[in-house]
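A short worksheet on the structure shown next.
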Amino acid sequence: MQFTAKKSQVLTQKTQCAIVFASNESLLPSAKAIDEDTGGRLSAFLRSGDLKPKAGRKRWLVLGKDEKPYARVLLVHLGKLDDKKSTFFKAESLLQTFASIAQALGNSPATDACVYLDDIFSEGLSFQLNGEDISRQWASEQFAVAIGKALYRYTETKSKAEPLPSLKKVTVVASEPEQVKRFRTGLHKGAAFAEGINLARELGNLPPNICTPAYLAKLAKQLAEQSENVLSSKSLNQKQMEKLGMGAFLSVAKGSTEEGKLIVMEYKGGTSQSKPHVLVGKGITFDTGGISLKPGAAMDEMKFDMCGAASVFGAIKALIAMKAKVNVVALVAAAENMPAGHASKPGDVVTSMSGQTIEILNTDAEGRLVLCDTLTYAERYKPKSVVDIATLTGACVVALGHHATGLYANNQELADKLLEAGKQANDKAWQMPLWDDYQKQLDSNFADMANIGGPGGGSVTAACFLSRFTKKYAWAHLDIAGTAWHSGAKKGATGRPVSLLMNYLLSAD
Ligand code: BES
Ligand code: MN
Ligand code: ZN
């Protein structure tokens, strides 16, 4: 997919699809121009009531062959303001509109489209995000993300793939060179985000017999080979982890015949002296629960238990695509959690790399076991910050549902940056308490701590567990159990929280 911005005029610009807008009761300037050029065929939609004044409602107008420079028009409604209540639109409704356009383009035979996005900044119109007017850069960024996401299809393991979308090129048109520049910047960023999001989705969606720890390690190697100048990678096998004393990580990996891997990717876009930000991804490529076996219903969805790792890969992919000028280290804790004769049992006590001992009371609380040693490993980078991303607890889904990612941090400045990054990306997180009050739920009679904290506050006690391994740096934990994938008819990985992570990394110093 190619995204560009250029200076042009709606009536002379050749395209297979001109995308123009209406808001309230009227056509915005480019729509008005086409309306006049076609003898009122767009205003007819409004007058007849065929185009309802709701965000994202749309109508196609198909022109005769060579009748006009534009082969078809997609007229999209931005919605109607109840001016007694409000003087501006919410940015969310614009995102809804973009999603609707993206869906239409994904199903259209058009191979290119020109969108007259500058019109949404016309006099009298206002879209607000967090109490501030949105910028052209933000709008075009979100537009590219929406289009990029809508064109993704899962095909890898289907023998009869559905036809892929025809769209190859999207152009944002404006009349002022300054605006063209702003749109271009946003498109560039959004296209990179979409690439990262779609990689995260693909990895999440791949079946667990394909997407194994070894598969992820190989992917890291391939990414590094393709981008030798900025990315290097290595992966530690179980023997190397043993040498480091990673008894917690290994207690999970040893139950499977697939070898566990600690995958390291170092992205160097910043100066050689500047310390990196570290991302740590939970990469349980399948979570059966181990000896504390999960019930059978929907167990297939535990292939998504590596979505934290997938989002870390997605962020690396996006950083490369953007040539971002930051240093980032990605650590992926990859293992399969299986029941076996050589698997850990409830009651086993293991020693973590930090020296702290852990009583495994439930082998299904495996994410924190692979993460804690990986978090200790992160110390060697003297990181500016460490953010782990994990499908860690079902309890987080109970607390926050599927809209917000759970956020915990030992540093409020870091928490605030991540919350803001999520708001800007429409990939929101909500901060949860990391209070000492919860820590005693992890007490054990036989080790320094237990790996579970009892029935109440399961997402909090999981974060408390991790906090015992992150005392040496500014750290945040994102519990994406509720946001990483959709269940039901739309079953599939969402690619969250790649956008949040990217906005954070791009704004962090
Ligand atoms: N991967 C799961 C968490 C999960 C469950 C995410 C369902 C999304 C949907 C994790 O490894 C797990 O099993 N956690 C347990 C912890 C419990 C044993 C303390 C859970 O949430 O039930
Ligand atoms: Mn589990
Ligand atoms: Zn798990």
Side-chain angles (χ1 to χ4, degrees), residues 204 208 211-213 216 248-249 251-253 255-256 258 260 280-311 332-340 343-348 358-372 374 388-406 408 432 438 441-444 449-466 477-488 491-494 496-497:
C211 187
T212 57
L216 293 176
F249 194 130
S251 75
V252 178
S256 172
E258 295 287 345
V280 174
K282 173 178 172 182
I284 298 295
T285 59
F286 196 78
D287 181 10
T288 63
I291 296 299
S292 312
L293 195 64
K294 285 183 181 297
M299 207 209 268
D300 67 290
E301 295 191 9
M302 282 298 115
K303 74 173 182 175
F304 295 117
D305 212 17
M306 38 57 71
C307 282
S311 75
V332 169
E336 199 181 53
N337 188 23
M338 297 290 278
S344 293
K345 304 166 290 295
D348 283 0
I358 303 161
E359 185 185 15
I360 300 172
L361 287 178
N362 190 319
T363 64
D364 199 9
E366 85 297 341
R368 62 198 80 181
L369 295 174
V370 295
L371 289 172
C372 70
T374 309
D388 78 70
I389 308 98
T391 49
L392 203 62
T393 63
C396 190
V397 191
V398 175
L400 296 173
H402 300 285
H403 300 290
T405 291
Y408 299 83
M432 304 275 283
Y438 293 92
Q441 288 181 234
L442 295 170
D443 286 352
S444 157
M449 70 194 86
N451 78 327
I452 56 171
S459 175
V460 185
T461 52
C464 284
F465 180 94
L466 296 178
H477 158 59
L478 296 171
D479 194 332
I480 57 167
T483 52
W485 75 90
H486 297 297
S487 304
K491 192 190 287 179
T494 60
R496 289 181 70 180

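First listed ligand is number 1; within each ligand, the first listed atom is number 1.
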Determine the sole option in Val332, Leu392, Asp388 for which the side-chain contact (heavy atoms from CB on, under 4.5 Å) test with Lys282 is passed.
Leu392
If every non-hydrogen atom of Phe286 is compared with every non-hydrogen atom of Met299, which pair is closest and at what distance?
CZ-O, 3.3 Å
Between Glu366 and the options Asn451, Ile360, Asp305, the side-chain contact (heavy atoms from CB on, under 4.5 Å) test singles out Asp305
Do you know which two heavy atoms are closest between Phe304 and Thr391, and how far apart they sit?
O-CG2, 3.7 Å
With 2.8 Å as the threshold, which protein atoms of type N, O or S lie near the Mn ion (ligand 2)? Leave waters out.
Asp287 OD2, Asp364 O, Asp364 OD1, Glu366 OE1
Partner residues of Ser251 under the side chain to side chain donor-acceptor pair (under 3.5 Å) criterion, sequence neighbours left out:
none
Write none if no such pair exists; otherwise list each N/O atom of ligand 1 with its protein N/O partner under 3.5 Å and the distance.
| from | atom 1 | to | atom 2 | distance (Å) |
| --- | --- | --- | --- | --- |
| ligand 1 | 1 (N) | Lys282 | NZ | 3.3 |
| ligand 1 | 1 (N) | Asp287 | OD2 | 3.3 |
| ligand 1 | 1 (N) | Asp305 | OD1 | 2.8 |
| ligand 1 | 1 (N) | Asp305 | OD2 | 3.0 |
| ligand 1 | 1 (N) | Thr391 | O | 3.3 |
| ligand 1 | 11 (O) | Lys282 | NZ | 3.2 |
| ligand 1 | 11 (O) | Asp287 | OD2 | 2.9 |
| ligand 1 | 11 (O) | Asp364 | O | 3.1 |
| ligand 1 | 11 (O) | Glu366 | OE1 | 2.8 |
| ligand 1 | 11 (O) | Glu366 | OE2 | 3.0 |
| ligand 1 | 13 (O) | Lys294 | NZ | 2.8 |
| ligand 1 | 13 (O) | Asp364 | O | 3.0 |
| ligand 1 | 13 (O) | Asp364 | OD1 | 2.8 |
| ligand 1 | 13 (O) | Asp364 | OD2 | 3.2 |
| ligand 1 | 21 (O) | Gly394 | N | 2.7 |

When you look at Ser256 and Asn337, which way does the side-chain contact (heavy atoms from CB on, under 4.5 Å) test go after all the steps?
CA-CA 7 Å; Ser256 172; Asn337 188 23; over 6 Å; no
Would Lys303 and Asp287 pass as an ion pair if we require N to O under 4.0 Å?
no
Taking atom OG of Ser292 and atom NZ of Lys345, what is their separation to the nearest 0.5 Å?
11.5 Å
State, to 0.1 Å, how close Ser344 and Ile291 come at their nearest heavy-atom pair, and which atoms those are.
O-CG1, 3.2 Å
Assess the residue pair Tyr408 and Leu478 against the criterion (side-chain contact (heavy atoms from CB on, under 4.5 Å)); give the C-alpha distance rounded to whole Å, side-chain angles, the decisive distance to 0.1 Å, and a yes or no.
CA-CA 7 Å; Tyr408 299 83; Leu478 296 171; over 6 Å; no
What is the distance from atom NE2 of His486 to atom CZ of Arg496, rounded to the nearest 0.5 Å?
8.5 Å
Do Ile389 and Val280 come within less than 4.5 Å of each other through their side chains, counting heavy atoms only?
no
Using side-chain heavy atoms (C-beta onward) and a distance below 4.5 Å, is Thr405 in contact with Asp479?
no
Would you mind counting protein N, O or S atoms that sit less than 2.8 Å from the Zn ion (ligand 3)?
4
